[in-house]
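Residue numbering restarts at 1 for every chain, and letters A, B, ... go by the order of the sequence lines. Treat the numbers as computed from the prediction; the structure is a model and nothing was measured.
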2 protein chains.
Amino acid sequence: MNKTSLRDLKKEATAYALANAAFELAVERGLDGFVVDDVVQRAGYSRRTFANYFSCKEEAVATAAISLAGSQHDEAEQLLASMPKETPLLDMLYETMRTQFTASLLLKMREVVALSKKHSTLEPYILSVFRSLLADAQESLWELTPGRYPEVYIHLLIGAVYGAMLPVVDGTLNVLLPGQSGADGEGDTPFEEYLETTFHYLRNGF
Amino acid sequence: MNKTSLRDLKKEATAYALANAAFELAVERGLDGFVVDDVVQRAGYSRRTFANYFSCKEEAVATAAISLAGSQHDEAEQLLASMPKETPLLDMLYETMRTQFTASLLLKMREVVALSKKHSTLEPYILSVFRSLLADAQESLWELTPGRYPEVYIHLLIGAVYGAMLPVVDGTLNVLLPGQSGADGEGDTPFEEYLETTFHYLRNGF
DNA sequence: GTGCAATAATGCACTTTGTGCAAATATGCC
DNA sequence: GGCATATTTGCACAAAGTGCATTATTGCAC
């Protein structure tokens, strides 16, 4: 599925450059503070090329926001492949989440949350990109555990984890990043604890 | 939160008329088969007014698609309020899902899924509206069970259910509506069975 | 009912965006 | 190095988003 020809790498780089420029501008000036022309000028491409990759500003910003996680996908897949074949799916998933949701990723997500709160047009795209990310994870897990679980089981599990991570992403629940002090928010939950709690309930039931 | 003054009712009606016109056109001609002018012409409003209510076609279509569920929200709240105060949250949620996801709602969702598959620009808005729906449910449940559960518990539970319903909505999993024959799709899961399975895992753990 | 204040709907002008198509440019592979 | 293929670009035009001033409607008090 992942063609790594030079051509595709170049395409990826183009998309990345555009998305990143859009994301930077969004952080600097807010979603309304720039136009597509500003993005392509910064990234060094034409307006038409931008349209070839993204349907709108929001999509580009959302893509950039999650690209960090995307780049970790391969790494996560290797991790999963290196696990013993009999590892329970729940454990696999836990390790995946614990590994993928690094501090740097969560930091970037914080920025996204801030943007998302200010500009409601962004939210749908954030949700969508996040969703497709976990769809990828789902496919990986499905292929890694051939015949061991009913399809519905995997759907549910991935769905539950996705749902559990939603409040983290959309800002409903404030999580404390690894290594971050809890000074500013009393009610904040450390991310690791939240992950722990999540899987406790998933293992033992609600 | 719900002001029911005549003025607000009228506004709601306007939004509904516009959203519905958009939805109808989307079903009839596909998302690309009509423009905003067509929508406002059908609904009897001006293009400017449309812009006052929705940011784009997609948002209007998505809103209409879920409005049925929205109108059932009050009914669901009444149902919840009528339950014994000690009812476990899991049971409350199960009843809510079983009640809210009526055949007619699921039918409408089928149309949306079909649209969503054809036009990827629609998906983010569908997801978003669906998300906000369950956010409402979350708030209701939180208020109905004061102090009985930690906030994280409710977040997780709603999240899990949301995640479990996602494959149903986005078409990843084909569900069979209540009363619908399984002739066309062998692998289809009846919705009630899917709901049953979902809550079995949630109760007993994965 | 009548009038008044508040607010919704509209029209208009203008900027930004989206898209098809064809030309030009770059890329990979032999 | 040359060729087939894919990417990028420019151009032109249709569509969409937005601020502002204006008009029409609505709800409420009298």
**OP:** Scan side-chain atoms only and decide if A:Glu123 and B:Ser128 contain a donor-acceptor pair under the 3.5 Å cut-off.
**Re:**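 B:Ser128 and A:Glu123 do have a side-chain donor-acceptor pair below 3.5 Å.
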Original post:
In terms of side-chain heavy atoms, does B:Thr189 have a donor or acceptor partner in B:Glu193 at a distance below 3.5 Å?
Top reply: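 B:Glu193 and B:Thr189 do not have a side-chain donor-acceptor pair below 3.5 Å.
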Take atom [atom1] of [X] and atom [atom2] of [N], then tell me their distance rounded to the nearest Å.
X: A:Lys10; N: D:dT8; atom1: NZ; atom2: P; result: 7 Å
X: A:Asp38; N: C:dT15; atom1: CG; atom2: C1'; result: 13 Å
X: A:Tyr53; N: C:dT19; atom1: OH; atom2: C1'; result: 17 Å
X: A:Leu18; N: C:dG18; atom1: CG; atom2: P; result: 13 Å
X: A:Leu31; N: C:dT16; atom1: CG; atom2: P; result: 16 Å
X: A:Tyr45; N: D:dG10; atom1: OH; atom2: P; result: 13 Å

**OP:** Apply the test side chain to side chain contact (heavy atoms under 4.5 Å, CB included) to residues B:Tyr16 and B:Thr63: give CA-CA distance (whole Å), side-chain angles for both, the deciding distance (0.1 Å), then the verdict.
**Re:** CA-CA 8 Å; B:Tyr16 183 81; B:Thr63 301; over 6 Å; no
Original post:
How far does CG of A:Leu127 sit from OH of B:Tyr125, to the nearest 0.5 angstrom?
Top reply: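 If we round to the nearest 0.5 Å, A:Leu127:CG and B:Tyr125:OH are 11.5 Å apart.
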Distances under 3.5 Å between nitrogen or oxygen atoms of protein and nucleotides 15-18 of chain D:
unit_1	atom_1	unit_2	atom_2	d
D:dA16	OP1	B:Val36	N	3.4
D:dA16	OP2	B:Val36	N	3.2
D:dG17	OP1	B:Ser55	O	2.3
D:dG17	OP2	B:Ser55	O	3.4
D:dG17	O6	B:Arg47	NH2	3.3

Original post:
Are the aromatic rings of B:Phe50 and B:Tyr45 close, with centres under 6.0 Å apart?
Top reply: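 Centroid separation for B:Phe50 and B:Tyr45: 6.0 Å or greater.
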Original post:
OP1, OP2 of C:dA9 versus side-chain N and O of B:Thr14: anything below 4.0 Å?
Top reply: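 Affirmative; the distance criterion is met.
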Original post:
Between A:Thr49 and D:dT8, does any side-chain N or O lie under 4.0 Å from OP1 or OP2?
Top reply: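 So the side chain of A:Thr49 is outside the cut-off, no N or O lying under 4.0 Å from OP1 or OP2 of D:dT8.
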Subject >> Minimum-distance nucleotide (side-chain atoms of A:Asn52 versus C:dA26, C:dA8, D:dT9) >> reply: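 Side chain of A:Asn52 sits closest to D:dT9.
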**OP:** Would you confirm whether A:Lys57, through its side chain, and A:Phe23, through its main-chain N or O, come within 3.5 Å as a donor-acceptor pair?
**Re:**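 No, the answer is negative, given that no donor and acceptor are paired below the 3.5 Å cut-off.
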Original post:
Considering residues at least two apart in sequence or located in another chain, which fulfil the ring-ring contact (aromatic ring centres under 6.0 Å, His included) criterion with A:Tyr194?
Top reply: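 By the ring-ring contact (aromatic ring centres under 6.0 Å, His included) rule, A:Tyr194 matches no residue at all.
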Subject >> Degree of bending, the helix from C:dG1-D:dC30 to C:dC30-D:dG1 (end axes from five pairs; round to 10°) >> reply: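 Axis-to-axis angle, ends of the helix: 40°.
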Original post:
Within a strict 4.5 Å, meaning less than it, do heavy atoms of the A:Met92 and A:Thr145 side chains meet?
Top reply: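 A:Met92 reaches A:Thr145 side chain to side chain.
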Subject >> Lys/Arg-Asp/Glu bridge criterion (N-O < 4.0 Å) met for B:Arg42, B:Glu28 >> reply: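 So B:Arg42 pairs with B:Glu28 through a salt bridge.
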